[in-house]
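Quantities reported herein were computed from a predicted structural model and do not represent experimental measurements. Proteins come first, then strands; the chains are lettered A, B, ... in the order of their sequence lines, and each starts at number 1.
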2 protein chains.
Amino acid sequence: MGAARSRVERAFAVLDAFTPERPSLRLSEIARRAGLPLTTTHRLLAELCALGAVERDRDGTYRVGLRLWEIASLAPRGVPLREAALPFLEDLYEVTHENVQLGVREGQDVVYIERIAGRRAVGVLTRVGGRFPLHASGIGLVLLAHAPDRVQREVLEGPLQRFTDYTITDPALLERVLAQVRRDGVAVSDRQVTDDALSVAAPITGARGEVIAALSIVAKAGDTVAARLAPAVRAAARGTSRALSARRA
Amino acid sequence: MGAARSRVERAFAVLDAFTPERPSLRLSEIARRAGLPLTTTHRLLAELCALGAVERDRDGTYRVGLRLWEIASLAPRGVPLREAALPFLEDLYEVTHENVQLGVREGQDVVYIERIAGRRAVGVLTRVGGRFPLHASGIGLVLLAHAPDRVQREVLEGPLQRFTDYTITDPALLERVLAQVRRDGVAVSDRQVTDDALSVAAPITGARGEVIAALSIVAKAGDTVAARLAPAVRAAARGTSRALSARRA
DNA sequence: ATGGTCCCTTCCGCTCAGCGGAAGAAGGGG
DNA sequence: CCCCTTCTTCCGCTGAGCGGAAGGGACCAT
């Protein structure tokens with residue numbers, strides 16, 4: 001275990017121990033997950049608690065602290081992006097009452113920044129703050145289609161994970177789909193993530209015209225759904241793009 | 001400057017250099033703000049970048065990285081609380097098209113977790129991820145009224161900052177208002193934050209009945225606004241409370 | 001062209017912040 | 001009582017991290 005990890009790296013190993021399934025952990029669990037000795041972990045947790053980055057419950061368990069979220073809310077690709085997009089996401093939601101999502105690319109994954117989910121909307125597999133492979137979802141396809149060549153190549157080299165019978169796992173097919181996404185300005189993921197859901201996604205561009213995020217609607221799959229939703233999705237993405245460009249001017 | 005700060009503390013001093021006004025900073029600015037030598041700062045930034053906690057732009061400036069937000073989205077008092085409350089906040093927004101907010105108490109401040117703002121809604125001073133003193137806003141009054149005695153005492157000992165002519169800065173008056181908030185189950189902040197806005201807030205309780213958050217509507221001040229909005233605010237808070245309790249069962 | 005200012009990057013001798021095993025305490029269950 | 005798990009504290013040791021110094025680059029004014 002003496003893998004010559006720096007102090008900051010160890011602190012983040014501790015923070016990485018928390019998951020959506022296990023947001024609350026005991027000292028020894030954190031030590032085990034982080035691969036650190038008990039005393040090192042104990043000391044780090046004491047320090048992170050003093051800083052508010054970790055909070056300790058009355059029952060002795062630790063969880064991620066609000067102070068960390070306060071700092072993180074300044075990440076330009078997180079909360080500020082969400083705030084710019086929110087009016088447009090809201091409009092999209094009001095018009096459709098379907099799931100509306102916003103995501104950015106990080107490596108070969110989508111990171112979901114926002115989701116507005118109606119009570120009767122179709123279930124989605126994704127979580128705000130969570131990740132998902134680029135090649136399957138609507139948002140992911142848009143982000144991949146506009147990603148640097150290097151990233152596209154890496155993803156196409158695979159493996160392309162299968163989620164349903166419809167998931168694209170053939171690199172040649174995926175490449176053709178990406179070209180189409182770039183032509184169409186919109187991506188459709190039809191039952192490629194879950195058997196019952198279809199998503200339509202469009203790119204959000206920054207001040208220099210580069211694609212920096214994407215937004216989508218996720219609805220119950222059906223024959224005319226994509227064609228029906230695409231114009232609204234495009235409009236919301238364009239609105240968001242305009243708002244972001246105006247911000248930098 | 002040799003204030004015997006630990007490595008993790010210094011890393012957080014670096015992260016604390018970023019503000020909403022200055023989300024993008026140069027190395028030397030960060031060093032100055034963090035009160036650290038250039039080389040220490042440089043090394044820390046390199047490490048934080050490698051971890052994704054900080055990102056470096058093409059132009060050489062640094063900003064908070066998305067990885068930090070991913071981790072922080074697991075803070076139970078942040079994104080998960082927001083997700084539980086969101087359907088109710090959405091309903092409240094759809095019914096009123098006014099500003100809807102969600103906040104939690106951290107020390108003597110509200111930390112704003114969520115805000116849904118319509119395009120025509122009255123302006124608010126608060127920011128998602130930002131803080132505000134407890135004694136002035138609707139949310140703050142609710143959280144203060146139900147805070148531990150120690151916290152209430154500390155706030156009442158002042159100073160109670162003034163935002164408008166209507167802000168309560170007299171401890172005796174504030175104490176009476178807090179008692180009323182506890183009786184009424186709702187707080188009204190009438191032009192106490194900005195001259196034109198009134199907010200109505202209600203408490204959100206956790207599984208053990210303790211107040212853990214509050215939500216509010218912020219609208220343009222007027223004669224019957226509070227009475228008109230209070231039932232809906234109460235209902236949204238109760239709904240959220242129920243959702244949170246069901247979660248723990 | 002030169003000089004000045006600001007910013008950034010790298011180097012290196014030094015030292016103390018942080019390490020982790022060991023010991024012991026606490027809690028729960030049989 | 002014993003056993004197991006979890007947590008907290010201690011302390012000798014050492015290498016991770018320190019920060020001043022050196023140097024390079026970019027920009028601006030003369």
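With distances taken from any side-chain atom of B/T40 to the nucleotides C/dC8, C/dG18, D/dC18, the minimum falls on D/dC18. Candidate nucleotides C/dC8, D/dT8, D/dC18 were compared by shortest atom distance to the side chain of A/Y62, and D/dT8 ranks first. Ranking C/dG20, D/dC7, D/dG19 by closeness to the A/P37 side chain, first place goes to C/dG20. Proximity note for B/L38 (side chain, C-beta onward) versus D/dT6, D/dG17, C/dC8: the nearest is C/dC8. For A/S28, taking side-chain heavy atoms from C-beta onward, the closest of the listed nucleotides D/dC7, C/dG20, C/dC7 is D/dC7.
For A/R7 and D/dG15, the shortest distance from a side-chain N or O to OP1 or OP2 is not below 4.0 Å. In this model, the phosphate group of D/dC7 is approached by a side-chain N or O of A/R26 to a distance below 4.0 Å at OP1 or OP2. Contact between the side-chain N/O atoms of A/R10 and the OP1/OP2 oxygens of C/dC19 is found at a separation under 4.0 Å.
Per the geometry, CG belonging to A/D57 stands 13 Å off P belonging to D/dC7, to the nearest Å. The distance between atom CD of B/E9 and atom P of D/dG17, rounded to the nearest whole Å, is 15 Å. For A/R56 and D/dT6, the CZ to C1' distance is 10 Å, given to the nearest whole Å. Nucleotide C/dA26 holds its C1' atom 14 Å from the CG atom of A/L27, rounded to whole Å. If you measure from atom CG of B/L45 to atom P of D/dG17, you get 15 Å, rounded to the nearest angstrom. The CD1 atom of B/I30 sits 12 Å away from the P atom of C/dC7 (whole-angstrom rounding).
Looking at A/S216, its side chain never comes within 3.5 Å of a backbone N or O of A/A201 through a donor-acceptor pair. Judged by distance alone, with hydrogens and angles left aside, the side-chain atoms of A/R105 form a donor-acceptor pair with the main-chain N or O of A/G107 at under 3.5 Å. Checking side-chain atoms of B/Q101 against main-chain N and O of B/V218 turns up no donor-acceptor pair under 3.5 Å.
The shortest non-hydrogen separation linking A/A237 to A/P203 is CB-O, 3.3 Å.
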Protein-nucleic acid N or O pairs under 3.5 Å, nucleotides 10-14 of chain C:
none

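Crowding of A/R242 atom CZ: a count of heavy atoms from other residues, nucleotides or ligands under 6.0 Å not exceeding 12.
Between B/E29 and B/R32, no side-chain nitrogen of the basic residue sits less than 4.0 Å from a carboxylate oxygen of the acidic one, so the salt-bridge criterion is not met.
Nearer the 5' end of DNA chain D, as judged by each residue's closest nucleotide, is the contact made by A/G60, out of A/V8 and A/G60.
For the atom pair CG (A/L51) and CG (B/L15), the distance works out to 10.0 Å, reported to the nearest 0.5 Å.
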